[in-house]
Each structure stands twice: as structure tokens, then as C-alpha cells.
Amino acid sequence: MDKLKQTILITGANGFLGQKLVEKLIDKSQYCIVATSKSENRNFIREGYTYIPCDFTNMDALQALLDEVQPDKIIHTAAMSSVEACEKDPTLCEKVNIETVYQLGQYCARHDKHLIHLSTDFVFDGKEGPYKENDTTNPCNAYGESKVASEIRLSSTTCRAAILRTILVYGINGDHNRSNLVLWAKKQLEDNNRINVVSDQLRMPTFVDDLADACILAIEKEATGIYHISGDEMMSVLDAVYHIADFWHLDRSLINPIRAVDIGQENNRPRKTGFILDKAKTELGYSPTPFIKSLEEIEQQFSFYNR
Ligand SMILES: NC(=O)C1=CN([C@@H]2O[C@H](COP(=O)(O)OP(=O)(O)OC[C@H]3O[C@@H](n4cnc5c(N)ncnc54)[C@H](OP(=O)(O)O)[C@@H]3O)[C@@H](O)[C@H]2O)C=CC1
Ligand SMILES: Cc1cn([C@H]2C[C@H](O)[C@@H](COP(=O)(O)OP(=O)(O)O[C@H]3O[C@@H](C)C(=O)[C@@H](O)[C@H]3O)O2)c(=O)[nH]c1=O
């Protein structure tokens with residue numbers, strides 16, 4: 001690694017946020033970027049960074065990676081991010097979502113390095129959204145529980161860490177296999193397929209480009225503590241999908257409103273989350289993109305990603 005530059009290690013680099021972070025950070029000449037993920041590299045950009053695969057359930061492999069890379073900063077996006085997968089395999093969920101975070105925190109504490117850790121609105125029960133950073137957590141699924149535990153374990157170290165919680169991330173990157181609410185709804189409606197969309201889950205959906213920018217702000221400001229990072233507009237998932245249909249002039253009549261109970265999500269998803277963004281705006285200079293403007297940016301990005 002070029003020791004004249006600060007080395008940033010991006011974990012979960014194959015993931016939705018991870019791919020966007022690689023794309024944005026390789027353009028910043030002051031950094032040397034190392035990307036890591038469990039599988040072989042899926043980023044369509046192959047130049048400008050080093051990719052090292054590593055399965056974090058192997059703690060020795062993770063330690064060897066840290067000893068080799070000696071990062072100055074770590075942006076930790078890797079996780080089991082599926083609620084259902086975490087319910088199905090709590091042991092693996094604990095290893096990936098909790099033990100890994102503690103190991104990274106201990107490394108950063110020992111070597112005085114800076115860590116950015118990604119968490120979620122699912123740490124809350126969804127009864128009183130929108131939430132401030134110091135509101136009481138009360139997760140309603142195994143995934144949310146693992147993220148609460150990861151925050152607690154991380155805080156038990158002396159690591160300089162910023163925990164960025166976010167919500168329902170959407171947008172586009174080069175990975176045709178990783179969908180999200182916007183791409184899923186747009187594709188289904190373009191294919192004239194009827195879709196069932198929940199009307200009683202309220203969120204502040206987060207543009208992946210804004211989330212990546214927030215990670216970079218936290219890195220550059222050496223931020224520590226918890227920050228809420230999301231879009232600034234509270235909306236039901238149904239309303240979000242109506243916006244998507246209207247923006248791309250698609251057929252609203254294909255959208256069938258359902259309730260969370262209809263897809264078995266009445267108990268394992270918080271009803272109303274959303275974040276109060278004052279702290280991130282004031283301390284990080286975070287500035288979320290309005291939802292409709294983000295759709296305009298996504299439309300422009302389709303050609304860049306050859307999608
Ligand atoms: N997407 C969302 O709506 C939200 C996401 N978040 C959080 O933000 C972060 C990023 O989310 P997102 O980009 O959607 O995540 P993704 O699910 O898209 O990507 C997660 C990545 O973690 C990697 N990973 C999983 N298990 C391991 C392992 N054992 N060893 C190494 N790497 C592993 C995967 O690697 P590979 O693909 O190579 O197997 C995958 O690329 C996560 O922490 C998530 O909890 C929070 C709120 C909302
Ligand atoms: C499958 C399905 C989902 N939905 C809604 C439910 C949900 O609000 C939204 C997205 O579906 P998902 O199952 O991906 O949603 P979900 O697992 O609820 O998304 C969560 O992901 C994890 C990582 C988080 O941390 C949370 O912030 C949140 O983004 O779409 C429908 O409306 N109809 C459907 O048929």
C-alpha cells in the first residue's frame with residue numbers, strides 16, 4: 001500500500017453501498033483504496049483499487065487481512081442484511097453482524113484507526129418514528145437485534161467509531177444482480193406485471209449516493225458517535241412506488257396496495273421509522289437529495305452503468 005496516502009478499507013465491497021463507495025472513493029487521490037468482500041469481485045470498475053476477498057466468519061483470515069492492509073480507516077458495510085436470513089441462521093448472523101464488528105473495533109482501538117460502521121432503522125420498534133440518535137432502541141427482528149448488539153459491542157471498545165444508521169436504501173450501481181425498491185418497482189411496471197406494495201410501512205428511503213457521501217463526510221471529519229442518515233421525506237412504501245410509476249410514466253393501476261400482514265411482515269418489520277436528521281446535517285454537513293430529484297439522477301445513471 002502507498003504509505004504516502006491514507007489507506008481506506010471498504011468491507012462489503014460487493015454490496016449495494018460498497019460498490020458505490022469504491023466508485024466514489026477511487027476518484028479521491030488522497031486515498032489508497034482496498035476493497036474486500038466474501039466472494040470474488042463483482043464491481044464493474046476494476047481499476048484504481050486493490051480487491052482482496054475475505055470471509056469474515058474466519059476470524060484469523062480477517063486478522064490476516066488487517067495485518068496485511070494496515071488500514072488508516074475502515075468503512076464497514078459488510079453484513080447479513082436480510083431480515084429473513086438472520087431469522088433463519090442466527091448463529092451466522094451473530095458471527096457476521098456482531099463478532100466481525102467487535103473484532104474490527106478492537107483492531108481500530110489497538111492501532112488508533114477510524115471506523116465507520118453501518119447500522120439500521122430496524123434498531124427501533126417503529127411505534128414512534130421518526131427517531132433521534134439517542135432514542136431508545138427496541139428491535140422487532142433478529143437483524144435489528146444483531147445491529148443493536150453490534151453497536152453495543154463496538155461502543156465497549158475504545159475505538160474511534162462513527163455509527164451511521166440508514167433506511168431502505170435505493171438507487172443504481174453496476175451490479176445487475178442487486179435490486180432495490182426503485183429498480184424492482186420500475187422493472188415490474190415496465191414489464192406490465194402487477195405488484196403488491198405495502199401501504200402501512202412508513203420510511204424515509206435513502207438514496208445510495210447520499211449514503212455513500214455521508215460515509216465520506218464521516219471519514220473526512222473523523223466523526224465519532226451515532227448519526228442518522230436517510231432521505232428527508234417520510235412516505236409509505238406505497239407512496240414511494242406511486243412516485244416511481246409517475247416519474248417513469250408507468251401504469252399505476254398495476255400497483256395493488258396491500259398491508260404488511262399480507263406478506264407476513266406485521267410483526268418483524270417496524271411500522272413507522274424515519275430519522276430526525278438535524279445532527280447529521282449540522283455536524284457532518286449532510287444534505288439529502290429530494291426523492292424526485294434522486295429519481296432524475298438514477299435515470300441519468302442508467303447509461304453510465306449500461307443498464
Ligand atoms: N440496503 C438497505 O436498505 C440498508 C442497509 N443497511 C446496512 O448498510 C450496510 C450495507 O447494506 P447493503 O449494501 O444493502 O448490503 P448488501 O447486502 O448489498 O451487501 C452486504 C455485503 O456484505 C458481504 N458479506 C456478507 N457476509 C460476509 C462475510 N461472511 N464475509 C465478508 N463479507 C460478507 C457480502 O459479500 P459478497 O456479496 O461478496 O458475498 C455483501 O456484498 C449493511 O451493514 C446493512 O445492514 C442499513 C439499512 C438499510
Ligand atoms: C417483497 C415485498 C416487499 N415490499 C416492501 C417491503 C419493504 O418496505 C420494501 C423493501 O423490501 P425488503 O424486503 O428489501 O425490505 P426490508 O427487509 O424491510 O428492508 C430493510 O432492509 C434492511 C437491510 C434494513 O436495514 C432496513 O432499513 C430496510 O431497508 O418493499 C412490498 O411492498 N411488496 C413486496 O412484495
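First listed ligand is number 1; within each ligand, the first listed atom is number 1.
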Original post:
Looking at D200 and R271, does any basic side-chain N land under 4.0 Å from a carboxylate oxygen?
Top reply: no
Original post:
Do the side chains of I167 and I298 join up, straight or via other hydrophobic residues, at under 4.5 Å, putting them in one cluster?
Top reply: yes
Original post:
When you check the gap from the basic side-chain N to the acidic O, do E190 and K186 get nearer than 4.0 Å?
Top reply: yes
Original post:
Taking only residues at least two apart or on different chains, which pairs with a member in residues 213-236 satisfy ring pair (Phe, Tyr, Trp, His ring centres under 6.0 Å)?
Top reply: F124-H228, H228-F275
**OP:** Return each pair, listed once, that meets side chain to side chain donor-acceptor pair (under 3.5 Å) where at least one residue sits in residues 146-156; pairs must be two or more places apart or across chains.
**Re:** N97-S146, E99-R153, H117-S150, S119-E151, E151-R165
Original post:
Checking side-chain contact (heavy atoms from CB on, under 4.5 Å) for the pair L189/I195: CA distance, chi angles, key distance, verdict?
Top reply: CA-CA 8 Å; L189 297 176; I195 54 174; 4.0 Å; yes
**OP:** Run down the list V83, I263, N268 and name the one with the heavy atom closest to atom 2 (C) of ligand 2.
**Re:** I263
**OP:** Considering only protein heavy atoms, determine whether one is less than 4.0 Å from atom 17 (O) of ligand 2.
**Re:** yes
Original post:
Does the N or O separation between L181 and ligand 2 drop below 3.5 Å for any pair?
Top reply: no
Subject >> R269: numbered ligand 2 atoms lying under 4.0 Å from its heavy atoms >> reply: 13 (O), 16 (P), 17 (O), 18 (O)
**OP:** Identify, with sequence neighbours excluded, every residue that meets ring-ring contact (aromatic ring centres under 6.0 Å, His included) alongside F207.
**Re:** Y170
Original post:
With a cut-off of 4.0 Å, which atoms of ligand 2 are near a heavy atom of Y143?
Top reply: 22 (C), 23 (C), 24 (C), 25 (O)
Subject >> Contact atoms of ligand 2, heavy-atom distance to D121 under 4.0 Å >> reply: 26 (C), 27 (O)
Original post:
How close does the nearest protein non-hydrogen atom get to atom 28 (C) of ligand 2, and which residue and atom is it?
Top reply: F122 CZ, 3.7 Å
Original post:
For the side chain of E87 and the backbone of A142, is there at least one donor-acceptor N/O pair under 3.5 Å apart?
Top reply: yes
Original post:
Can you list the ligand 2 atoms lying under 4.0 Å from a non-hydrogen atom of T120?
Top reply: 24 (C), 25 (O), 26 (C), 27 (O)
Original post:
For ligand 2, which atoms sit closer than 4.0 Å to a heavy atom of Q201?
Top reply: 6 (C), 7 (C), 8 (O)
Original post:
Got a protein heavy atom sitting under 4.0 Å from atom 35 (O) of ligand 2?
Top reply: yes
Original post:
Is the backbone N or O of P270 less than 3.5 Å from a side-chain atom of T273, with the two atoms forming a donor-acceptor pair by type?
Top reply: no
**OP:** Flag the pair D232 and K281 as a salt bridge only when some basic side-chain nitrogen lies within less than 4.0 angstrom of an acidic carboxylate oxygen.
**Re:** yes
Original post:
Aromatic ring centroids of H243 and F247 under 6.0 Å?
Top reply: no
Subject >> Residues in the immediate environment of ligand 1 (any heavy atom closer than 4.0 angstrom) >> reply: G12, N14, G15, F16, L17, S37, K38, S39, R42, C54, D55, F56, T57, T77, A78, A79, S81, V96, L118, S119, T120, Y143, K147, T166, L168, V169, R178
**OP:** Kindly state if atom 14 (O) of ligand 2 has a protein heavy atom within a strict 4.0 Å cut-off, that is, under 4.0 Å?
**Re:** no
**OP:** Return the residue, atom name and 0.1 Å-rounded distance of the protein heavy atom closest to atom 31 (C) of ligand 2.
**Re:** N196 O, 3.7 Å
Original post:
So, the side chain of D262 versus the backbone of R259: is there a donor-acceptor pair under 3.5 Å, distance only?
Top reply: yes
**OP:** Determine whether the side chains of S39 and N14 contain a donor N or O and an acceptor N or O closer than 3.5 Å.
**Re:** no
Original post:
With atoms numbered from 1 as shown, which atoms in ligand 2 lie under 4.0 angstrom from a non-hydrogen atom of Q265?
Top reply: 6 (C)
Subject >> Option set T206, L168, V198, criterion heavy-atom distance to atom 32 (O) of ligand 2, minimum >> reply: V198
Subject >> Protein heavy-atom partner closest to atom 23 (C) of ligand 2 - residue, atom, separation in Å >> reply: S81 O, 3.0 Å
